[in-house]
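Just so you know, ligand 1 is whichever comes first in the structure, and atom 1 is the first atom listed for that ligand.
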Amino acid sequence: MVYLWKVWAMANRGVPDAATQLDIFRRMALIKANDERSRKVIRSGRLVMPYYSPRGQEVIPSAVSANLTDDDYICTIYRGTHDMLAKGVPLKDLWAELAGRVTGTCKGKGGPMHITHPKSGVMVTTGIVGSSMLIANGLAWGSQLRGDGRVTVAYFGDGASNIGAFHEALNLASVWRLPVVFVCQNNEWGEHTAYEKATSAKQIADRAHGYSIPGVRVDGNDVFEMYAAAQDAIGRARAGEGPTLIEAMTYRFHGHVFGDADAYMNKDRKAAAIAADPVPRFRSYLISEGIATEERLAAMEADIEAALDEAVDYALASEFPGVEELSRDVFAQEIA
Ligand SMILES: Cc1ncc(C[n+]2csc(CCOP(=O)(O)OP(=O)(O)O)c2C)c(N)n1
């Protein structure tokens, strides 16, 4: 019996079971709905904030997070609301921080560019391109020294792989065999510059070989490919086998930042990417495979909308931090 189970497990390695597929879809649906709500709220004038849409990139953190525990860490970037939501940052705390309110994840002192929520493992959001990997190394080193079994995931874009910090981070993570996974979300754009105009490597994944670590390029819009790659890399990190670089291919549906007219983006390429939208595609798959009914998914989406209503109202009704908060939480308390 045990033998048969082992054979089954080996054959199905990297394949999420039905409950996990549903869980991945829930995360993707939340990210999509949150993105649509963010743009709607900004357009309405109720909230003014810089907003970098992750629309089109939903699969990547959803499939990665399905392989992480609540205690594992992520480091992300300004475009990373999808990474945070997939990791489990509470909607109300997130929205309050976006709105700069005292009820936010950083008491309103971080704002949209610097969401941090250690309880859900969201350890940093950074606007400095390339810095998420170095911070991830520090967290992973801490885990290694403590032996706490945590894995840290560093998310970043393709443009960041041209920054010196990327190379330094891969090098040291390899030398120290850190429990870290580098997830490059290659959305074909770095601000307004196309990938091939600024990147020498045909594949960013190839850069891993220069640092003697595994590097894989996967279709980041394919739930199954992404899940399997993440499971492998996270498993290696947790087993003490060191870091992996995953280059997840995807596409950014919108301009770099809200308000960007995105005239520089090839219209046909963009239309093709939107036509292959991974969220409705995976939704249809779940129904056609009998994993969920239309009613069940619709109810899930209605719950997400209700939670968003509540989160936005909560955030906008919350107070701004007082002046006395300015110098608080700047330095860590010394431990006696
Ligand atoms: C060190 C640094 N250099 C330049 C910038 C300006 N900048 C902000 S976003 C961005 C593009 C980054 O592209 P990519 O890493 O591919 O991430 P994406 O925005 O596509 O998710 C640049 C150059 C910055 N914030 N930090």
Mind checking whether F156 has a heavy atom under 4.0 Å from ligand 1?
no
Would you say A160 and ligand 1 have an N/O pair spaced under 3.5 Å apart?
yes
Ligand-residue contact atoms, ligand 1 with G157, heavy atoms, under 4.0 Å:
14 (P), 15 (O), 16 (O), 17 (O)
Just to be sure I read this right, does ligand 1 sit under 4.0 Å from the backbone of R252, its side chain, both, or neither, counting only heavy atoms?
neither
For D277, is there an ion pair with R55 - N to carboxylate O distance below 4.0 angstrom?
yes
pair V153-V180: side-chain heavy atoms closer than 4.5 Å
no
Under 4.0 Å between a side-chain nitrogen and a carboxylate oxygen: does that hold for D35 and R39?
yes
Between the candidates Q57, E191, Q185, which shows the shortest non-hydrogen contact distance to atom 6 (C) of ligand 1?
E191
Residue and atom name of the nearest protein heavy atom (relative to atom 26 (N) of ligand 1), distance in Å to one decimal
V129 N, 3.2 Å
With the threshold set at 4.0 Å, does a side-chain nitrogen-carboxylate oxygen contact exist between K32 and E58?
no
Which ligand 1 atoms does G159 reach within 4.0 Å, using its non-hydrogen atoms?
14 (P), 15 (O), 16 (O)
With heavy atoms only and a cut-off of under 4.0 Å, state how N187 meets ligand 1: side chain, backbone, both or neither.
side chain
Classify the contact between R79 and ligand 1 as side chain, backbone, both or neither, using a heavy-atom distance cut-off of under 4.0 Å.
side chain
Would you call the rings of F182 and F156 parallel, tilted or perpendicular, where under 30° means parallel and over 60° means perpendicular?
perpendicular
Under 6.0 Å from the ring centre and within 45 degrees of the ring axis: does the NZ or CZ of R269 meet both conditions for the six-membered ring of Y251?
yes
Run the numbers on D329 and K109 for side chain to side chain contact (heavy atoms under 4.5 Å, CB included), then give the verdict.
CA-CA 10 Å; D329 309 319; K109 295 187 280 185; 3.0 Å; yes
Non-hydrogen atoms of G127 versus ligand 1: any pair closer than 4.0 Å?
yes
Work out whether the distance between some heavy atom of Y52 and some atom of ligand 1 is less than 4.0 Å.
no
Does ligand 1 have an atom under 4.0 Å from some heavy atom of I77?
yes
